[in-house]
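Okay, structure first, notes after.
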Amino acid sequence: MAKKVTIRQVANEAGVSVTTVSQILNNKGGRFSEKTRNKVLAVKEKLHYVPDFNARNLILHSSKMLGVLIPDLGNPFFSSFVKGVQDYSRDATYMPIVFSANHDANLETYYLGKLLEHSVDGLIIASATITAEAIDKLVKPLQVPYLLFDQNQIANLADRIEVDDYHGGYLAGQHLTQLGHQKLAMLLPKDSTVNVCERLRGFKTAIKDAGLPENNLVEINANFSMEAGYQATKSILDSGVSAVFCADDLLAIGLYRGLEERGLKVPDDLSIIGYDDIDLDQYVNPKLTTIDQPVAEIGRESAHLLVNRLEKPDIDRQLIKFPVKLIKRESTGLKK
Ligand code: RIB
């Protein structure tokens, strides 16, 4: 690794103290003459000085880094979430370090340990599989503040951001039953996390409120990916339903391809509603009806709550629940 120029070398070359250099380079040099400030800045450029991040951390006992653990960076929902985290972190002068372990619990625990080794100041755990045990074993002993999102399985008092997933499922069920659909399917991962189970619970309530028997609902399992949605096509068609609620948009978009390959039309042959409202929804044909989660805002607020906790450790537990809304497009229609 190339040997970095030190702040002491800059100070010696400029003929001032290390403290003077530090204050001028951190925009706190107002009490020095313009001549001194310009001299220090000129030497910094001449020597190509770059502040040593690790040395700075040791002095300030803060890395100004936030660890972010998500299930799948390839999923547009989570990439939008990370962008929201990044937007807030930049303005708050923190740097996010993101790890994506693709739903692998062991790999997520490994990455959690790596983030802690990098002395992140705090963690945003948007994982669906990090266990309470991993948090108790790895995070709590180090007293690193953390915020939970999408990971509603840990019933503890950490700061948390939730989404009104029950209402999201209800809106999906209400929308489809109001279109006259009576035999419906829900496509969702096996052993779903609590937030997805809440979508199912809301969907079931809407079906019941429409006066339909519970066995008019068929649950079919598929993990959150377009491939899984595509592979589920046969099961969906064999179930004889006229409408499907996909627990995320990627499943819906994968199902599109399965139907198209069989010469079937959306919504004429099958109505489909998704969940998340990722940008792709408006670029598939027909445009996908879905339930919107304000994911970029959720990302920003996740970073905001964590920074709040870092700067005011003794504040009360922070809990925010985001609303959802139905986005009607073209993939749902009247029961034929
Ligand atoms: O698409 C990924 C899904 O996993 C989203 O609905 C998000 O809420 C998470 O549960």
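Values below: all heavy atoms of this structure, side chains included; hydrogens, waters and symmetry mates excluded. All ligand and atom numbering here is 1-based and tracks the order in the structure. Quantities reported herein were computed from a predicted structural model and do not represent experimental measurements.
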Among all the protein's non-hydrogen atoms, which is closest to [atom], and how far away is it?
{"atom": "atom 2 (C) of ligand 1", "value": "Asn75 ND2, 3.2 Å"}
{"atom": "atom 3 (C) of ligand 1", "value": "Phe224 CE1, 3.6 Å"}
{"atom": "atom 8 (O) of ligand 1", "value": "Arg199 NH2, 2.7 Å"}
{"atom": "atom 9 (C) of ligand 1", "value": "Asp150 OD2, 2.8 Å"}
{"atom": "atom 6 (O) of ligand 1", "value": "Asp276 OD1, 2.7 Å"}

Quiz prompt | Polar side chain donor-acceptor pair, His175 to Thr289, under 3.5 angstrom | solution =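 No, no side-chain donor-acceptor pair sits under 3.5 Å.
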Practice problem: Give a yes-or-no answer on whether the side chains of Gln86 and Ser89 include a donor-acceptor pair shorter than 3.5 Å. | Solution: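 On atom types as modelled, these side chains do not qualify, holding no pair under 3.5 Å.
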Quiz item: What do we get for Asp72 next to ligand 1 when only non-hydrogen atoms under 4.0 Å count, side chain, backbone, both or neither?
Solution: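 The answer is neither.
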Quiz item: Between Thr193 and ligand 1, is there a nitrogen or oxygen pair with a distance under 3.5 Å?
Solution: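 No, Thr193 has no N/O under 3.5 Å of an N/O on ligand 1.
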Quiz item: For ligand 1, which atoms sit closer than 4.0 Å to a heavy atom of Asp248?
Solution: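 Listed by number with element, the hits are 1 (O), 2 (C).
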Quiz item: Any idea which atoms of ligand 1 are less than 4.0 Å away from a heavy-atom of Gln293?
Solution: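 Ligand 1 atoms under the 4.0 Å threshold to Gln293: 5 (C), 6 (O), 7 (C), 8 (O).
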Self-check item: Nearest-0.5 Å distance that lies between atom CD in Glu13 and atom NZ in Lys39
Solution: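 If we round to the nearest 0.5 Å, Glu13:CD and Lys39:NZ are 6.5 Å apart.
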Practice problem: Tell me, please: is Leu250 in heavy-atom contact with ligand 1, that is, under 4.0 Å? | Solution: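 Leu250 does not count as a contact of ligand 1 under the 4.0 Å cut-off.
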Any salt bridge between [X] and [Y], counting N to O under 4.0 Å?
{"X": "Glu198", "Y": "Arg201", "answer": "yes"}
{"X": "Arg199", "Y": "Asp248", "answer": "no"}
{"X": "Lys204", "Y": "Glu214", "answer": "yes"}

Self-check item: Residues in side-chain hydrogen bond (donor to acceptor under 3.5 Å, both in side chains) contact with Glu301, at least two apart in sequence or another chain
Solution: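 Scan of Glu301 (side-chain hydrogen bond (donor to acceptor under 3.5 Å, both in side chains), adjacent residues dropped) gives His304.
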